[in-house]
2 protein chains.
Amino acid sequence: MVFDNIKYRDAQQIKLAVDCIIFGFNDNRLEVLLIHRGFQPEMGTWSLIGGFIDNDEDLDEAANRVLYGLSGLKNIYMEQVRTFGKADRDSSGRVVSTVYSAMILKSEYDEALVQKYNAQWFPIDDLPKLVFDHADMVDSAIKRLRRRVRNYPIAFNLLPSKFTLPQLQALYEGILNEPIDKRNFRRKVMQMNYLVKLNEKDMSVSRKGAYFYQFDEALYKKEQNFNL
Amino acid sequence: MVFDNIKYRDAQQIKLAVDCIIFGFNDNRLEVLLIHRGFQPEMGTWSLIGGFIDNDEDLDEAANRVLYGLSGLKNIYMEQVRTFGKADRDSSGRVVSTVYSAMILKSEYDEALVQKYNAQWFPIDDLPKLVFDHADMVDSAIKRLRRRVRNYPIAFNLLPSKFTLPQLQALYEGILNEPIDKRNFRRKVMQMNYLVKLNEKDMSVSRKGAYFYQFDEALYKKEQNFNL
DNA sequence: ACAAAAGTGTTAACCGTACACCCATGA
DNA sequence: TCATGGGTGTACGGTTAACACTTTTGT
């Protein structure tokens, strides 16, 4: 940052915002949390969870504050996706917005909260019309997610801490939107020693039952050999 | 973007800026273009090429305008890296900055312009102390570059349109900071039909001479099978 | 003739991918 | 006993990685 053009410091009329993209997984599909705007502009449409930044807070903090304020979600680890800065992207004025995204366990986000905040989950391939450039933002976040999910053990955030391999596979198929070979998938998972098999089965889906697994963060840190 | 917290729209005192990271290649090393600050704050230190955004311009446009204004470089294709938004990142006030980066052919950036703008090239592993969080920005851009250079034919921007394979290999070694096996490297390059061999040799380096190659954008678009 | 850089092939290990049947259980 | 989803192994092809000598030419 250079202050040559210092005149802009006072003249600048640009507002800075954050938008949060929260992914969930349900019914074998990847979903996004949207809120129904009960306020202007664009009242009555769907949008991401967004708001302006405070003067004295980090951009990351702003994302968390806004997320909490508009959805009740807290302690969610979000990562920056990218910043959208077209001059005409927001019809109500000049707003530049940095997009953050996170994955959460849908079942831990209370249905009552969803209602309270006029929020709703939508499968990513069945989104309603979104305000401004929010559809581009979602696209961007999905692309990033698809890239990252192959190289980092982040998708576990979308599952309960105990999960079965069929669940995990369905999750990957849902995120990547492509079928995966069961045996190849399982072989790769077996090589990850930080995915520990429990002596406990999920009997709720099949008669045979599927073993639960757990992701061990500490073990992962030693290996860091994730790829799916 | 949501306007629930509309009070911030008027209260917000945050300035939005862009910082540009221009990579060049010289003497087998990757370099970054920095400018010497002849103005406050932090006068006399080195910094990236940065400035504030205008009210009515796209963020991308701002990056190009600022780059031109402070370096004379134009028509450079820059890509967004990420946005830096710590509340205390800029000691002179609240500034959030989006980083852009590009690669250029150093020899086409006139030495006279470099001088005129108080600019200077620095090898990435021998940077001077940088103002604010600009060192983090450079780190971030280098990491991104190293990732992208393996999957997209972008490094050619750092070479003349005609280049030899030894040059190309040295470039990759410089960017990735690791030695590469000559035979394996060349085999991969040979598979890329859009790298066309010319009937012309560079006799300026060795007695034997090395054949020139050229990157054919149109051919690449058909194949898109880049990986090095 | 020699120095200096350009150019060339082969092999082994590894990884990705395709593919089909048996197992355990509750109803 | 049967229907349902869980669990298992192997073979092939492609990719990566390691490795050393010959060619060309100006001096």
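Lettering of chains follows the sequences in order, A, B, ..., and the numbering in each one begins at 1. Worth knowing before you read on, the calculation uses all heavy atoms, side chains too, and leaves out hydrogens, waters and symmetry mates. The structure displayed is predicted, hence computed values, not measured ones.
The side chain of B:Arg186 sits closest to C:dT8 out of C:dG16, D:dT8, C:dT8. Nearest nucleotide to the A:Lys188 side chain, out of C:dG7, D:dG7, C:dG16: C:dG16. The side chain of B:Asp181 approaches D:dC19 more closely than any other nucleotide in the set D:dG5, D:dC19, D:dT16. You'll find that the side chain of A:Pro166 is closest to D:dG6, out of D:dC19, D:dG6, C:dG16.
Partner of B:Ile124 under the side-chain contact (heavy atoms from CB on, under 4.5 Å) criterion, out of B:Asp139, B:Leu30, B:Ile175: B:Leu30 alone. Among the candidates B:Phe156, B:Tyr213, B:Tyr220, the single residue satisfying the ring pair (Phe, Tyr, Trp, His ring centres under 6.0 Å) test with B:Tyr194 is B:Tyr220.
Residue side chain A:Arg187 reaches the base of D:dT10 through a donor-acceptor N/O pair under 3.5 Å, judged by distance alone. With hydrogens and angles ignored, a donor-acceptor pair closer than 3.5 Å exists between the side chain of B:Arg183 and the base of D:dA20.
Each of A:Lys208 and B:Lys182 was assigned the nucleotide of DNA chain D with the nearest heavy atom; the assignment lying further toward the 5' end belongs to A:Lys208. Looking at which nucleotide of DNA chain D each of A:Asn184 and A:Val205 is closest to, the 5′-most match is held by A:Val205.
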| task | Take A:Val81 and A:Asp19 through the side-chain contact (heavy atoms from CB on, under 4.5 Å) test and state the conclusion after the steps. | result | CA-CA 10 Å; A:Val81 176; A:Asp19 281 292; over 6 Å; no
| What do the steps show when you test B:Val96 against A:Thr83 for side-chain contact (heavy atoms from CB on, under 4.5 Å), and what is the final call? | CA-CA 11 Å; B:Val96 170; A:Thr83 298; over 6 Å; no
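At D:dT15, none of the side-chain N or O atoms of B:Asn227 fall inside 4.0 Å of OP1 or OP2 (strictly under the cut-off).
When heavy atoms are screened at a 4.0 angstrom cut-off, B:Asp202 is found touching no nucleic acid atom at all.
Rounded to an integer number of Å, the gap from OH of B:Tyr211 to P of C:dA5 is 19 Å. In this entry the distance linking CD of A:Gln169 with C1' of D:dG6 reads 11 Å, nearest Å. In this structure, A:Met203 places its CE atom 7 Å from P of C:dT25, rounding to the nearest Å. Per the geometry, CZ belonging to B:Phe163 stands 15 Å off P belonging to C:dA6, to the nearest Å. Atom CG in B:Leu228 sits about 12 Å away from atom P in D:dA17, given to the nearest Å. Rounded to a whole Å, the CZ atom of A:Phe185 is 14 Å from the C1' atom of D:dG6. Between A:Asn225 atom CG and C:dC14 atom P the separation is 15 Å, expressed in whole Å. Atom CZ in B:Phe212 sits roughly 11 Å away from atom P in C:dG7 (whole-Å rounding).
For B:Phe215 and B:Phe163, the gap between ring centers reaches or exceeds 6.0 Å.
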